[in-house]
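Below: one structure, written as structure tokens.
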Amino acid sequence: MDRHQLGLSTFLWPGMDVERWLELALGLGLGGVELRADPRAAGPGDLSPAVRLRLRNQLAERGLWSTVHAPIYDLNLASPLRAIAAASVEEVIGALDLASDLGSRLLVVHPGHVDSDYLPLTGERDLAWRRFSLAIEVILARAARKGVQVALENKQRPRGWDMVHTPAEHVQAVDRFPGLGACLDFGHLHTTGGDPTAYVAALGERLVHVHLHDNRGERDEHLPLGRGSLPWRAAWAALSSAGYRGPIVLEIPDPDGLRESVAVLERG
């Protein structure tokens with residue numbers, strides 16, 4: 001296991017701020033951190049230019065790579081409500097600018113959501129893709145100017161449709177937009193009953209980022225590795241066989257669970 005490839009995510013957790021997450025990453029010998037751009041985690045509105053510069057310097061001095069996860073709460077890039085869709089784009093742009101300011105290599109973005117009440121309506125999936133396309137094109141244009149890679153993440157089993165659950169949907173999305181990469185979340189995949197090996201193979205070189213955490217297969221739980229039923233060894237083997245060398249972020253909010261997961265990976 002190459003610990004430099006591993007990173008942790010700065011979750012909302014009592015007693016943990018960005019500085020403490022950085023200290024934990026260093027203490028565990030990890031290579032980097034993924035900053036969650038949500039208020040009170042690493043929200044762009046909470047970080048002044050001076051704080052951003054200080055954080056960028058801290059990351060560089062400690063030899064940590066960084067990525068940024070766009071806000072996850074209350075955003076929907078495919079919302080049928082124009083004001084919400086526009087606000088969602090604005091929030092993602094704010095996270096993108098934060099990534100640029102910090103020297104981060106990549107921004108993770110969630111796809112849009114369609115409520116189950118809309119799904120029976122004729123053409124609603126196509127309309128959702130059209131709304132999402134408008135949003136992601138704006139985001140990618142800004143990303144190109146800022147020199148930040150954008151990666152679209154697959155989602156967990158929802159009430160409704162989160163647009164990217166299967167390899168086919170993921171490939172369709174990233175192939176539609178030049179410059180868009182894929183983030184494969186193995187925990188999300190497990191809730192949909194997907195096969196890690198087949199998913200990695202389908203994405204191929206489109207795969208630029210990975211999230212790893214456990215659950216029992218029913219819902220997104222972000223458990224420490226080994227606490228659920230995720231076939232994480234198969235996932236790890238699939239990445240190795242594919243020659244994947246990008247970031248692998250342990251999305252586990254409990255610091256003790258994170259320590260436990262690193263030990264599990266070490267034991268193999």
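From a predicted model like this one, the values you see are computed outputs, not experimental measurements. Excluded from the calculations below are hydrogen atoms, water molecules and symmetry mates; all remaining heavy atoms, backbone and side chain alike, are included.
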Please determine whether residues Leu239 and Trp232 belong to a single hydrophobic cluster, defined as Ile, Leu, Val, Met, Phe, Trp and Tyr linked transitively by side-chain heavy-atom distances below 4.5 Å. yes

Using the rule that two of Ile, Leu, Val, Met, Phe, Trp, Tyr join whenever any of their side-chain heavy atoms come within less than 4.5 Å, decide whether Val33 and Leu107 are in one cluster. yes

Examine distances only and state if a side-chain atom of Asp214 and a backbone atom of Leu230 form a donor-acceptor pair shorter than 3.5 Å. yes

Between Glu19 and Arg62, does any side-chain N to carboxylate O distance fall below 4.0 Å? yes

If you measure from the Lys or Arg side-chain nitrogens to the Asp or Glu carboxylate oxygens, is any gap between Arg131 and Glu124 under 4.0 Å? yes

Please determine if Asp97 and Arg142 form a salt bridge, counting it only when a charged side-chain N lies under 4.0 Å from a carboxylate O. yes

Measure across Leu152 and Val164 and return the closest heavy-atom pair with its distance rounded to 0.1 Å. CD2-CG2, 4.0 Å

Checking side-chain contact (heavy atoms from CB on, under 4.5 Å) for the pair Val262/Arg3: CA distance, chi angles, key distance, verdict? CA-CA 9 Å; Val262 172; Arg3 286 206 184 194; 3.6 Å; yes

Do Arg20 and Trp13 meet the cation-pi criteria used here (NZ or CZ under 6.0 Å from the six-membered ring centre, within 45° of the axis)? no

Please answer whether the main-chain N or O of Trp236 pairs with a side-chain N or O of Ser240 as donor and acceptor at a distance below 3.5 Å. no

Hey, does Thr166 have a side-chain heavy atom less than 4.5 Å from the side chain of Thr192? no

Could you tell me which non-hydrogen atom of Ala78 sits nearest to which non-hydrogen atom of Ala128, and how far apart they are? CB-O, 3.7 Å

Does any N or O in the side chain of Gln5 come within less than 3.5 Å of the main-chain N or O of Gly31, such that one atom is a donor and the other an acceptor? no

Val108 reachable from Leu189 in the ILVMFWY side-chain graph, under 4.5 Å edges: no

Test ring pair (Phe, Tyr, Trp, His ring centres under 6.0 Å) applied to His213 - qualifying residues, sequence neighbours left out: His188, His222

Which heavy atom of Leu28 sits nearest to which heavy atom of Arg259, and what is that distance? CD2-CG, 3.9 Å

Output yes when a side-chain donor or acceptor of Arg56 lies under 3.5 Å from a complementary backbone atom of Ser100, and no otherwise. yes

Contact between Leu12 and Tyr73 at the side-chain level, heavy atoms closer than 4.5 Å - yes or no? yes

Looking at His165, is its backbone amide N or carbonyl O close enough to the side chain of Glu169 to form a donor-acceptor pair, meaning the two atoms are under 3.5 Å apart? yes

Which atom names give the shortest non-hydrogen contact between Ala37 and Pro44, and what distance separates them? O-CD, 3.7 Å

What one should report as the nearest heavy-atom pair of Tyr199 and His170 is OH-ND1, 2.7 Å

Quick one: do His113 and Asn76 satisfy side chain to side chain donor-acceptor pair (under 3.5 Å)? Show the steps, please. CA-CA 6 Å; His113 175 74; Asn76 184 5; over 6 Å; no

Contact summary for Ala85 and Ser79, nearest pair of heavy atoms: CB-O, 3.8 Å

Shared ILVMFWY cluster between Ile93 and Val148, side chains joined below 4.5 angstrom? yes

Okay, side chain of Asn154, backbone of Asp185: is any donor-acceptor separation there less than 3.5 Å? yes

Flag, side chain of Gln149 to backbone of Gly179, donor-acceptor distance under 3.5 Å: yes

Non-hydrogen side-chain atoms of Leu184 and Leu203 separated by less than 4.5 Å: yes

Ring pair (Phe, Tyr, Trp, His ring centres under 6.0 Å) partners of His211, counting only residues at least two apart: His69, His209

Backbone of Gly187 reached by a side-chain donor or acceptor of Asn215 within 3.5 Å: yes

In chain order, what residues pass the side chain to side chain donor-acceptor pair (under 3.5 Å) check against Asp2, with sequence neighbours excluded? Arg245

Does any N or O in the side chain of Thr10 come within less than 3.5 Å of the main-chain N or O of Arg36, such that one atom is a donor and the other an acceptor? yes

Run Glu34 and Trp65 through side chain to side chain donor-acceptor pair (under 3.5 Å) and show every step you take. CA-CA 9 Å; Glu34 181 154 290; Trp65 53 257; over 6 Å; no

Identify whether the distance between the nearest side-chain nitrogen and carboxylate oxygen of Glu221 and Arg227 falls below 4.0 Å. no

Heavy atoms, side chains only, cut-off 4.5 Å: are Trp21 and Ser9 in contact? no

Asp254 and Leu223, any side-chain heavy atoms less than 4.5 Å apart: no

Please check if the number of heavy atoms outside Tyr118 that lie under 6.0 Å from its OH is greater than 12. no

Asp117, CG: over 12 other non-hydrogen atoms inside 6.0 angstrom: yes

Return yes if some donor-acceptor pair links the side-chain N/O of Arg216 with the main-chain N/O of Thr191 below 3.5 Å, else return no. no

Kindly determine whether Arg159 and Ser116 satisfy side chain to side chain donor-acceptor pair (under 3.5 Å), including the steps that lead there. CA-CA 6 Å; Arg159 179 186 179 275; Ser116 58; 3.3 Å; yes

Any side-chain heavy atom of Pro39 sitting closer than 4.5 Å to one from Asp46? yes

Can you tell if the side chain of Leu22 reaches within under 4.5 Å of the side chain of Leu59, non-hydrogen atoms only? yes

Enclosure of Glu137 CD (heavy-atom neighbours >12, cutoff 6.0 Å): yes

Salt bridge Arg206-Asp175, side-chain N to carboxylate O under 4.0 Å: yes

Between Leu35 and Leu6, is there a shared hydrophobic cluster once you connect ILVMFWY residues whose side-chain heavy atoms come closer than 4.5 Å? yes

